[in-house]
Amino acid sequence: MPSRGLPRQRVAVIGSGMAGLVTAYLLRSDASRFEVELFERQDKVSLDSASLTIPTDHGNFSKEHRVDLPMRAFADGYYTYLRRMYDYFGVRYASPRFIYTLSSIRGVANTKINPYFIHSSNNHRVPPLRPESLSLGFWLLELVYLAICYYWFTACCFLIRPKTAEGTGREENFRQYVERIKLPRYYVKNYLLPLLSSVTTCPHDMLLNFPAVDLVEYERKTFRQPHYTIVGGVRTIQESLTKGQKVRFLSTVTAVQNVGSNVRVTWRDEQSGHSSSALFDHVIMAVTPDVVGSIFLPLREAMGSVPTMKVPTVVHLDSIRLDDCNKSLRARISRDREGRASQPIHMCSNTNATESTHEHPSSVLITTSPIIPINQDKILHSVTFTRVLRTPESRHLLRHILDSQEVAYSTGKASSGWQNGNGNVWLVGGWCWDGMVMLEGCVFSAMRVAERLGVNVPWGN
């Protein structure tokens, strides 16, 4: 802890997503020690930058719906610190009722959704709705089969831990795990992968290559736990985190370099095109691994072994493929105590991937990872996000970088011995912890960096 009278330490936070905002807020709360400046390449804070406000007419008055892109749902059990932070700021959240339909895609021309299963979030609909295409007898047999598979998989998650190979330390991936526990391929293909792909927003093969421990822990911690979304969208928490914060907009950071005991940040002004640089006492990179590798030379090689992919999300009004399904569904879905109808989320899969389409209460459709072509004339907005993926090898590497843990085998992509905080350079983000790449990782990693810099976290332990 520096003594009173010492100059404040200058801190640059690169990126204004959840991790960057939480880190900046925590350090700025210790204003006697830290002077914080955020760098953002866009002209607005990025956490809520892709979201939309949709006006909706209701008789004699108008109501606005906030559409979060991407949807930021969270569950009890897994999102411990995220929920504590929301409670600390008084952010309201609710448990909406979702209806999930599962369908197969066998072509892309004029595809109509024909569900083979309909599931309700938090099991608010028991028994589940029966797809009209299935006979009562076949549907009952399918329910029995699903119950057996589901509870077998759940029991395995609690009782059978993923393996680590002796001598090499190489961990089991999810494909190897489901094969070892003898989970039927039919269930994996038609139920497990579509549901988990909608959470991880990646193709099935990439999901199967995730560390098994990631998905097993996620299933364990979210078992029978309710899911929530923020009332009013993530802009409510963004407003709290950015209040009074100094942000340098339209500034693309091009290099982070250690200079003696300081760190130089070089950035390009997107309006003038001019480059500038400044020295800071600490630099915190709250960006994706590919960006880290491009601006910070000591991690360039290591970040190349952390896989990422681009995930498109489209807001549109192309409902033709949903019409047949919804004629039946709308007549049967229930409303909550406030009169709000359940929200359908349609998961359509081919042999390689799953697209999900959320019917938002504002009447727009939000399709993530689209497989079926969307009518271009009915697209309202589209955006592409970078999804950080996981493999046993990248998990091993990141544990070494972030947690300073010794490892038993080499990934073949050395980190040059670099560990988080070396040279007063830090990493935070949804991928900067040992778990699924979710908002919880953003909050957790921000808290850890703040604590290592001697800052009290008001919603921590």
Side-chain angles (χ1 to χ4, degrees), residues 11-27 36 38-42 45-50 70 72 74 78-82 85 199-202 210-211 214 218 234 237-238 241-242 247 252-253 256 265 282-296 298-300 302-311 384-391 394-404 415 418-422 424-453 457:
V11 180
V13 178
I14 303 169
S16 61
M18 180 68 86
L21 293 183
V22 175
T23 308
Y25 174 86
L26 290 172
L27 297 185
V36 183
L38 269 166
F39 285 80
E40 172 53 53
R41 64 182 178 84
Q42 301 183 91
V45 176
S46 67
L47 176 60
D48 188 52
S49 63
R72 271 92 170 196
F74 64 99
Y78 199 79
Y79 295 80
T80 303
Y81 292 111
L82 180 75
M85 184 184 72
V199 174
T200 59
T201 60
C202 70
F210 273 36
D214 281 9
Y218 183 79
V234 294
I237 186 63
Q238 177 175 288
L241 292 172
T242 56
V247 186
T252 300
V253 173
V256 174
V265 175
H282 295 273
V283 171
I284 299 166
M285 294 185 286
V287 288
T288 52
D290 53 325
V291 176
V292 171
S294 70
I295 65 177
F296 188 54
L299 284 179
R300 181 159 299 171
M303 292 299 98
S305 63
V306 181
T308 62
M309 67 172 293
K310 300 296 184 182
V311 177
T384 300
F385 301 98
T386 299
R387 160 63 76 175
V388 182
L389 306 173
R390 297 268 287 177
T391 66
S394 69
R395 176 182 183 241
H396 168 87
L397 175 66
L398 291 176
R399 289 178 68 193
H400 177 69
I401 291 174
L402 299 169
D403 299 328
S404 304
S415 63
W418 193 93
Q419 293 174 339
N420 210 16
N422 281 8
N424 293 333
V425 178
W426 306 84
L427 299 175
V428 295
W431 57 281
C432 295
W433 76 317
D434 191 23
M436 297 273 278
V437 182
M438 305 288 186
L439 286 182
E440 179 71 3
C442 295
V443 179
F444 182 88
S445 61
M447 290 171 57
R448 293 293 81 83
V449 168
E451 288 171 348
R452 286 187 62 182
L453 292 175
V457 178

Side-chain heavy-atom pair M438, V199 within 4.5 angstrom cut-off: yes
F296/W418 aromatic ring centres below 6.0 Å: yes
V253 to I295 - nearest heavy-atom pair and separation: O-CG2, 3.4 Å
Shortest non-hydrogen separation from G17 to S46 and the atoms involved: N-OG, 3.1 Å
Backbone of T308 reached by a side-chain donor or acceptor of R387 within 3.5 Å: no
Neighbour count >12 (heavy atoms, 6.0 Å) for atom CZ, R41: no
Worked verdict on L398 versus M303 for side-chain contact (heavy atoms from CB on, under 4.5 Å): CA-CA 9 Å; L398 291 176; M303 292 299 98; 4.3 Å; yes
Closest approach of T23 to A446 (non-hydrogen atoms, all atoms of both residues): OG1-CB, 3.1 Å
Where R452 and N420 come nearest, the two heavy atoms and their spacing: NH1-O, 3.2 Å
Considering all heavy atoms, the nearest L26-M447 contact: CD1-CA, 4.1 Å
Minimal non-hydrogen separation, L21 against S16, with atom names: CG-O, 3.5 Å
CG on L427 to CG on L299, rounded to 0.5 Å: 6.0 Å
Geometric class of the W433/F444 ring pair [parallel <30°, tilted 30-60°, perpendicular >60°]: tilted
Plane angle bin for Y218 and Y78 - parallel if under 30°, tilted between 30 and 60°, otherwise perpendicular: perpendicular
